[in-house]
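This report concerns only the one structure given below.
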Amino acid sequence: IAKMKNYQCKKCKTHVQNSSTPKSFNCPNGEMHSWTDLGEVGTTNYQCKKCTLLVQSKNTPKSFNCPSGSMHSWTKL
């Protein structure tokens with residue numbers, strides 16, 4: 001069974017939990033979504049201070065490709 005991961009589009013900020021990279025078609029902010037794998041879904045809440053994304057993650061999410069500029073700045077809640 002594939003593990004669920006957190007994905008975010010750096011263009012439109014959409015967040016999804018999926019077992020594989022989501023389809024790229026029809027991004028509302030451009031032709032194709034640009035998905036970033038933020039890591040495995042878990043039970044700990046993390047929020048980015050820059051883009052305000054809230055995710056439940058097993059470990060601290062990956063920091064690259066924050067839609068609000070360069071790197072996410074995660075806070076454990």
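Numbers for residues simply follow the sequence, beginning at 1.
- For Leu54, the side-chain contact (heavy atoms from CB on, under 4.5 Å) partners are Asn45, Gln47, Leu77, not counting sequence neighbours.
- Grouping Ile, Leu, Val, Met, Phe, Trp and Tyr by side-chain contacts under 4.5 Å, direct or through others, puts Tyr7 with Val16, Trp35.
- Counting only distance, with no hydrogens or angles, the side chain of Asn59 and the backbone of Gly39 share no donor-acceptor pair below 3.5 Å.
- Taking each heavy atom of Asp37 and Lys62 in turn, the nearest pair found is O-CD, 3.2 Å.
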Check against side-chain contact (heavy atoms from CB on, under 4.5 Å), Val41 and Lys3: CA-CA 8 Å; Val41 173; Lys3 294 179 181 179; over 6 Å; no
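- Looking at every heavy atom in both residues, Thr75 comes nearest to Lys49 through OG1-CE, 3.2 Å.
- Between the Thr36 side chain and the Leu38 main chain, no donor and acceptor come within less than 3.5 Å of each other.
- Atom CD of residue Gln8 and atom CG of residue Leu53 lie 4.5 Å apart, to the nearest 0.5 angstrom.
- Scanning for side-chain contact (heavy atoms from CB on, under 4.5 Å) contacts around Ser68 gives Lys13, Lys50, Cys51, Cys66, with sequence neighbours left out.
- Distance CZ/Phe64 to CE/Met71: 8.0 Å, rounded to 0.5 Å.
- Taken to the nearest 0.5 Å, the CD atom of Gln17 stands 9.5 Å off from the OG atom of Ser57.
- Each side chain to side chain donor-acceptor pair (under 3.5 Å) pair with one or both residues in residues 20-34, not counting sequence neighbours, would appear here, but there are none.
- Partners of Lys76 by side-chain contact (heavy atoms from CB on, under 4.5 Å), not counting sequence neighbours, listed by chain and number: Thr44, Tyr46.
- Closest of all the heavy-atom pairs between Lys11 and Met32 is NZ-O, 2.7 Å.
- Shown here are the side-chain contact (heavy atoms from CB on, under 4.5 Å) partners of Lys58, two or more places apart in sequence or in another chain: Glu40.
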